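Keep in mind that this is a model prediction, so the values were computed, not measured. All residue numbers in this chain count up from 1 along the given sequence. Counting convention: from 1, in listed order, for ligands and their atoms alike.
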Amino acid sequence: MKLLAPSILAADFLHLEKDVRLINDHADIIHLDVMDGTLVPNISFGFSVIDAVAKIAVKPMDAHLMIINPQKYFERCAKAGCSMLSFHLEAARKARRSPAKLLDQVRSLGMKAGLAINPDIPVEDVFPYLGHADYILVMSVFAGFGGQKFIEETYSRVKAVKAEIARRGLDCLVQIDGGADLSNAAALYGAGVDIIVAGSAVFKSPDPVKAVKAIKGA
Ligand code: DX5
Ligand code: ZN
């Protein structure tokens, strides 16, 4: 699958409606980066923004929870209309929660369940949970900020997850997030990435529609 999920973290918050409609019209998924300043060193936005986006969202909303105790907000995300939700393995560990149970909980609320890992977490650490996840989010930068440089090791990490998914005949997608743009999109899709998340490459571009089309066509 070759899907593009623009991240509104890089959008123009004074004209958010315009950027959400752009995703509705030209991209596949609306990626929502929720940061708490504790799991990651930055604060982004919460439900006031998500609820506003939901009012005009046509494409599925994908909540990427970069927060401790993510389970506290699963239900609220479902209520807001998110149809995909990922949380970090690191957060589950901190909360001493079983990642498998948390993924099951996300699914039981009717959302696709994603498990995210930062670049310093061995990729094999997600293997035990592949049967419980609808997608694995292999971070291609350290979660926390948009506009960072893509980490090249992401390719081998994606390939390792894809190989394990194929070996076990599972139905689980792979998403990457951070530093993706037109220069690496083709290679990422080629490596087996199903969903590219891109913030700056879309919304900081002089022509976001053109950028979306170019990345999707890569
Ligand atoms: C980083 C976020 C990303 C970020 C991607 O913590 O999860 O979704 O917005 O931004 P770019 O594409 O600018 O690297
Ligand atoms: Zn994200």
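With rounding to the nearest 0.5 angstrom, the CZ atom of Arg21 is 4.0 Å from the CD atom of Glu17.
Of the possible polar contacts, one joining the Tyr135 side chain to the Ser86 backbone as a donor-acceptor pair under 3.5 Å is found. In this structure a side-chain-to-backbone donor-acceptor pair under 3.5 Å is missing from Ser7 to Ala198. Put simply, the side chain of Asp28 never gets that close to the backbone of Ala5: no donor and acceptor are under 3.5 Å apart.
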* Carefully, step by step, assess His64 and Asp62 under the rule side-chain hydrogen bond (donor to acceptor under 3.5 Å, both in side chains). => CA-CA 6 Å; His64 173 195; Asp62 170 26; over 6 Å; no
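The number of protein N, O or S atoms lying under 2.8 Å from the Zn ion (ligand 2) is 4.
Arg93 has its side chain within reach of Ile121: a pair of non-hydrogen atoms, C-beta onward, lies under 4.5 Å apart.
With sequence neighbours excluded, the residues satisfying ring pair (Phe, Tyr, Trp, His ring centres under 6.0 Å) with Phe74 are Phe87.
Protein residues with a heavy atom closer than 4.0 Å to ligand 1 are Ser7, Leu9, His31, Asp33, Met35, His64, Met66, Met139, Ala143, Gly144, Phe145, Gly146, Gly147, Asp177, Gly178, Gly179, Val197, Ala198, Gly199, Ser200, listed by chain and number.
Annotation for Lys112: atom NZ does not count as buried by contact number, only 12 or fewer foreign heavy atoms lying within 6.0 Å.
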Identify all side-chain donor-acceptor contacts of residues 185-192 below 3.5 Å with residues at least two apart in sequence or on another chain.
unit_1 : atom_1 : unit_2 : atom_2 : d
Tyr189 : OH     : Leu3   : O      : 2.9

